[in-house]
Amino acid sequence: MITSKNAARGLPHVPTDDLSILLSMIEAMDDTLLVFSSIPSLMTASRAAERFQATYGWETCWPKTVFYAYRSPKFPPNTLTPQNIQIPSVNLTNPSSSYTSLNDVPVITDHTTFLRVPINRPDIHFSHLQDIILNFSFPYLYRPLPLTALRRILSQCIVSKIRPLLAYQNITLAHATKLDHLIANKVHQYLGFPFSFNSLLLMAPINLRGFGFPSISRINDSLAVSGLQRDLNHHVSTFKNLAATTLNDWTCQLNHCINPLNKPDCQRSFLRTRNKIPYSWVHAQSVMRKVKLSFCATDLSYILMGNISLYHLYQLSTSYSSSVVLPYISSQTFTNFARCGYTCLSHVGRWQLNIVTSLPYDFLPHNVSFSPDHYLLSRDWPIVLQWLRSLPSVLHHLTYPSAQLLYPRETRRQIAETTLLALPTFTPNYPNDIPPNIFASDASMIQKNRTPSSSVTFAVVGNNTALMASLNDTKWMTNILHGEVYGILTASLMMLKSLLRPLTSSPSLYSDHLNSVTLLDGNRPHPYQLSSNPARSLLADNLASHRNTWKSLPPAAPSPTFFMDDYTPYTENSGFIEQNIFSFVDTCLAKAQITQVPSLSSSILLPCCYNSDPPPEYAYTRALSAYSAVVQLYLRTGQLDTALTRSSRLNDDSQPWCRFGCSVLEDPHHIFVDCPRFNPYRRHATDELLASTRAILDTFKTPAHIASRLTQIVKGLTLDSEVWPLHKSFFYHGVIPALDQIIPSSSPNQPQNTTCARLRARLASEWHYGCIKLAARI
């Protein structure tokens with residue numbers, strides 16, 4: 001039986017300490033582990049399992065069978081001589097007979113291998129993954145493969161093998177980085193350039209000026225976090241309970257009752273506890289600290305019910321001693337109270353709730369009295385009482401990130417529904433002539449200019465009322481789809497309320513969100529009618545889209561925490577994260593890694609100085625030749641083999657002067673911008689860009705003053721001119737001057753202009769292609 005250590009001692013700290021798991025066998029695909037605490041029990045179970053499977057024609061592959069022994073005096077660890085044990089089996093031709101055969105099986109005492117993965121041994125796992133990369137080689141054809149083909153081959157032949165293995169068992173960051181270096185070295189050797197590029201740039205996303213190759217280190221880190229989330233919220237109760245038990249031991253035995261996953265500012269490293277906590281969890285926690293991510297428990301109602309250990313609650317409250325002064329109470333004091341039956345918070349008092357918010361604002365201790373035999377309890381009760389009265393001052397810390405998590409889920413759902421139904425009283429008068437049995441909902445999202453944040457509102461019109469609410473304060477990453485669903489749910493609640501009085505016909509809800517209509521139309525209850533009618537939804541759309549004309553912001557809608565997983569990802573900047581946590585962590589890590597590339601983080605090439613639109617992906621992912629991408633790979637990392645670079649790095653007689661007779665140093669800027677040898681190439685590229693730019697401007701019917709300014713920029717792209725921020729051209733790096741002020745796509749009070757955004761994207765793509773093609777040709 002597997003239980004937490006607190007449950008084994010009879011002193012549970014939280015309700016999940018009462019969970020227990022009966023374990024006898026672990027099976028997945030063709031691998032099976034029989035788990036027993038004694039060798040005789042294992043022998044008996046092994047023979048019974050052999051008889052069972054032999055009856056149905058199955059047979060154990062004994063050459064692949066291994067006996068794992070831990071803390072066994074019969075098989076001491078770190079023994080140099082091989083150890084074996086004989087495991088009983090049955091006669092396969094007659095499984096019911098009493099005949100027993102013995103099979104020699106090797107004994108392993110340092111690790112367990114399951115599904116071809118060494119469990120909790122990242123060092124051994126790394127050796128296996130390293131062999132996969134070292135034994136791989138690119139195919140040699142009659143012509144060199146383009147960089148885009150190398151990227152596809154690596155994804156299909158190496159990463160497709162390594163990723164599922166990392167999903168079972170993660171490796172250390174140092175080992176994962178070494179695998180990235182091995183992959184980058186394979187690419188570098190195939191390309192044949194003399195100086196190696198930075199692997200971080202090769203594996204950075206294309207929108208961050210990288211080249212989109214898969215990164216083992218980011219995959220390893222992202223899989224660790226997503227795997228931890230899967231374990232904590234597993235759909236199979238056995239795995240979920242086992243994860244809860246493991247987390248309880250990690251929290252109470254190794255971190256002083258403080259959840260290590262619930263505090264993004266926790267700076268403690270748990271790498272030395274890998275023998276007590278699964279290494280994948282420890283690695284996930286270190287990644288979460290790096291990206292400031294936490295897994296918040298979304299049901300803290302046991303604190304409100306008092307079903308929490310006094311010692312556990314004291315340890316939690318003292319972790320915030322910097323903001324609240326609490327009296328010191330020794331652990332022996334809580335032990336003395338536990339011996340007399342005072343273990344949980346409900347044994348010594350109860351919370352006093354606010355009449356309006358139903359949240360606790362004071363703690364009322366019970367009138368307890370102790371017999372003369374319990375002198376220690378009588379002595380320590382005043383200081384315990386002092387601590388209990390100070391609990392409301394730390395309650396907002398204990399319920400991070402929202403005090404509403406103290407409510408049970410059903411109570412939160414009822415509060416959310418009541419809040420949504422009360423929204424019409426906060427909405428300005430919006431006259432409409434919709435019949436009483438007709439409802440319409442819609443949503444609107446305004447993307448803030450050049451930022452990932454957005455403003456989402458939804459509106460519902462019907463039943464002689466109108467309401468609108470905002471999703472900006474929901475502590476939740478929202479988009480317009482959430483607004484559409486909020487509108488449909490709110491309208492449904494209003495329809496339920498309208499059914500309480502007689503209507504001439506069944507109520508109908510109109511929405512232009514086709515996905516919801518298709519999903520719900522076939523499963524609607526009898527009196528409901530969900531229709532997609534933009535005309536009916538026009539009033540709601542008008543109300544949702546013009547909220548900027550209001551003098552005050554609309555009220556905030558409640559967060560659906562009652563429907564979230566038991567442990568939900570949360571960040572201070574983004575709130576609760578509903579999207580794929582793998583993609584979220586991978587994006588955060590990529591943004592952090594790109595700052596470690598010196599050539600991209602230098603003050604000369606800061607992204608804020610140039611156009612911020614992401615480069616087009618075709619040249620880096622699907623181009624048939626992709627030589628321009630290869631040049632960019634070495635150029636952006638400062639590894640292009642110019643004469644200056646060769647002279648400074650090679651111990652030979654190489655000269656740093658321009659090889660075409662110019663009396664200047666041959667650095668990248670001279671070759672691509674100044675050297676007269678390539679003036680014809682620059683003029684030809686400029687003429688092509690001018691022609692394509694004018695065609696685009698004519699298509700979009702651009703005003704003359706803007707078109708004139710844009711053509712002047714094209715003429716100066718390949719020259720050191722005033723169109724560049726420092727009057728120095730860097731077209732060969734794949735950057736172009738900023739277009740935001742020339743083609744403004746939005747203003748502070750207006751939503752984004754789609755036409756301007758499309759024009760800017762077309763020009764940025766065309767100019768980027770022209771610049772990197774010119775650099776490749778030179």
task = Could you tell me whether a side-chain N or O of Lys186 sits under 3.5 Å from a main-chain N or O of Phe136, the two making a donor and an acceptor?
result = yes

message = Please check: side-chain N/O of Tyr99 versus main-chain N/O of Ser89, any donor-acceptor pairing under 3.5 Å?
response = no

task = Tell me, please, whether Phe582 has Arg163 positioned over its six-membered ring: NZ or CZ under 6.0 Å from the ring centre and within 45 degrees of its axis?
result = yes

request  = Quick one: do Glu410 and Arg413 satisfy salt bridge (Lys or Arg N to Asp or Glu O under 4.0 Å)? Show the steps, please.
outcome  = CA-CA 5 Å; Glu410 181 61 23; Arg413 184 186 66 82; 2.3 Å; yes

task = Keeping the roles fixed (side chain from Asp566, backbone from Asn233), state whether a donor-acceptor pair exists under 3.5 Å.
result = no

key: Polar side chain donor-acceptor pair, Asp180 to Ser199, under 3.5 angstrom   = no

task = Specify whether Trp250 and Phe270 have parallel, tilted or perpendicular ring planes, treating 30° as the upper limit for parallel and 60° as the lower limit for perpendicular.
result = perpendicular

query = Are Lys5 and Asp249 close enough for a salt bridge, meaning some N to O gap below 4.0 Å?
reply = no

ask   = So among Leu173, Leu179, Thr177, Thr172, which one has a side chain to side chain contact (heavy atoms under 4.5 Å, CB included) with His175?
value = Thr172

ask   = Does the side-chain hydrogen bond (donor to acceptor under 3.5 Å, both in side chains) test come out yes or no for Asn241 and His234, once each step is laid out?
value = CA-CA 9 Å; Asn241 295 343; His234 208 285; over 6 Å; no

request  = For Gln169 and Asn120, indicate whether the former's side chain and the latter's backbone hold a donor-acceptor pair under 3.5 Å.
outcome  = yes

request  = Mind running salt bridge (Lys or Arg N to Asp or Glu O under 4.0 Å) on Asp30 and Arg116 for me, showing each step along the way?
outcome  = CA-CA 11 Å; Asp30 294 335; Arg116 299 184 179 181; over 6 Å; no

key: Short side-chain to backbone donor-acceptor contact, Arg218 and Gln593, under 3.5 Å   = no

ask   = Has Tyr168 got more than 12 heavy atoms of other residues, nucleotides or ligands less than 6.0 Å from its OH?
value = no

query = Just by modelled atom types, is the Tyr567 backbone N or O under 3.5 Å from a matching donor or acceptor in the Asp565 side chain?
reply = no

query = Does Thr335 reach the main-chain N or O of Ser331 with its side chain, forming a donor-acceptor pair under 3.5 Å?
reply = yes

inquiry  = Can you tell me how the ring of Tyr140 sits relative to the ring of Tyr190, calling it parallel under 30°, perpendicular over 60° and tilted otherwise?
reply    = tilted

request  = For the residue pair Asn248 and Asp17, confirm or rule out a side-chain donor-acceptor distance under 3.5 Å.
outcome  = yes

ask   = So which heavy atom on Thr568 is nearest to which on Thr298, and how close?
value = OG1-CG2, 3.5 Å

ask   = For Arg152, does the CZ atom sit with more than 12 other heavy atoms under 6.0 Å from it, leaving out its own atoms?
value = no

inquiry  = Under a plain distance cut-off of 3.5 Å, with no hydrogens placed, do Ser330 and Thr333 share a side-chain donor-acceptor pair?
reply    = yes

key: Polar side chain donor-acceptor pair, Tyr70 to Thr112, under 3.5 angstrom   = yes

ask   = Hey, does Asp221 have a side-chain heavy atom less than 4.5 Å from the side chain of His283?
value = yes

ask   = Within a strict 4.5 Å, meaning less than it, do heavy atoms of the Thr65 and Asn103 side chains meet?
value = no

His347 side chain to Gly341 backbone, donor-acceptor under 3.5 Å = yes

query = Taking side chain as C-beta onward, heavy atoms only, is Leu191 less than 4.5 Å from Leu150?
reply = yes

query = So Tyr620 and Phe211, would you call those rings parallel, tilted or perpendicular, with 30° and 60° as cut-offs?
reply = perpendicular

query = Is there a donor-acceptor contact under 3.5 Å from the side chain of His482 to the main chain of Asn479?
reply = yes

query = Distance-only, no hydrogens or angles: does the Tyr68 side chain make a donor-acceptor pair with backbone N or O of Thr113 under 3.5 Å?
reply = yes

inquiry  = Taking the ring of Tyr400 and the ring of Tyr570, is the distance between their centroids below 6.0 Å?
reply    = yes

ask   = So, Ser559 versus Arg412: side-chain donor-acceptor pair below 3.5 Å or not?
value = no

